[in-house]
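In what follows, every heavy atom counts, from backbone to side chain, and hydrogens, waters and symmetry copies are set aside.
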Amino acid sequence: MKFFIDTANLDQIQEAKELGILDGVTTNPSLMAKEGISGQDNILKHYAKICELVSGDVSAEVISTDFEGMVKELEVLKEIAPNIVIKIPMILDGVKALSYCAERDIKTNCTLIFSPGQALIAAKAGATYISPFIGRIDDITWDGVDLVRQIAEMYAVQMFDTEILAASIRNSNHIVQAAIAGADVVTCPLAPIVGLLKHPLTDIGLAKFLADHKKANA
Ligand code: E4P
């Protein structure tokens, strides 16, 4: 399973990169706004900086909701770097834009996936990735991980190549459960990734090893 970081924060991206486990980056308009990035020029420059930091796929989201607008935007975004992936919302014109990209070998990430039906149509339109939002589904007391499981089963039966990119990850357990459910990629902030390596017995065990070593070498 690939690990993407879900942020537009360059320091966090650098920190994740230094762990040596980073395969890519996802952003969205909210994450760009959180970093104070606004205006077309600044947004494009910021994506370029992210693409310089990581060699893996970097999702850049279109803002338009009509096909012509999306195509205009994605034609500019795809020129930023070879690792740019165009993030397109799961709406009618978005499906047209997914097909447009598939015909031209432009990588895509279909975002805001909340049902197996949406995942089916996105794969049919040739999406490279689809992003089911686990946390937001859990927020409304449905089961986000179960959606990933259903999509994984459907894609296996139908032999789709589209990769399942589990998004809206709220905690470390979501990462583990998404991996078990068949996600090809998880994207999340740095904290849930770092949370994976924590265990109290590791800390207790290490403290004992170091204490014993100190005693023996006093
Ligand atoms: C990533 O591609 C998604 O936009 C992101 O994971 C959404 O996360 P949120 O539900 O925490 O905003």
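Screening Leu98, Ile91, Ile86 for a side chain to side chain contact (heavy atoms under 4.5 Å, CB included) involving Cys110 leaves a single residue, Leu98. Of the options Thr27, Thr26, Asn109, a side-chain hydrogen bond (donor to acceptor under 3.5 Å, both in side chains) to Thr187 is made by Thr26 and by none of the others.
Under a cut-off of 6.0 angstrom, the local environment of CD in Glu153 is sparse, with at most 12 non-hydrogen atoms contributed by other residues, nucleotides or ligands. No more than 12 heavy-atom neighbours from other residues, nucleotides or ligands sit within 6.0 angstrom of CD1 on Ile121. The neighbour count for Asp203 CG, taken as heavy atoms of other residues, nucleotides or ligands under 6.0 Å away, is above 12.
Looking at Tyr129 and Asp184, their side chains never come closer than 4.5 Å, going by heavy atoms from C-beta outward.
Asp143 meets the salt bridge (Lys or Arg N to Asp or Glu O under 4.0 Å) test with no other residue; sequence neighbours excluded. For Glu163, the side-chain hydrogen bond (donor to acceptor under 3.5 Å, both in side chains) criterion is met by Lys2, not counting sequence neighbours.
Looking only at distances, a side-chain donor or acceptor of Ser99 sits under 3.5 Å from a matching main-chain atom of Val95. The backbone N or O of Ile37 sits nowhere less than 3.5 Å from a side-chain atom of Asn42 that would complete a donor-acceptor pair. In this structure, Glu15 contributes its side chain and Leu190 its backbone to no donor-acceptor pair below 3.5 Å.
Taking all atoms of both residues into account, the shortest heavy-atom contact from Gly144 to Asp138 is N-OD1, 2.8 Å.
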(request) Go through Asn9 and Glu35 one step at a time and tell me if the side-chain hydrogen bond (donor to acceptor under 3.5 Å, both in side chains) criterion holds. (result) CA-CA 6 Å; Asn9 183 286; Glu35 297 307 313; 3.1 Å; yes
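Using a 4.0 Å cut-off between a side-chain N of Lys or Arg and a carboxylate O of Asp or Glu, Lys72 and Glu75 do not qualify as a salt bridge.
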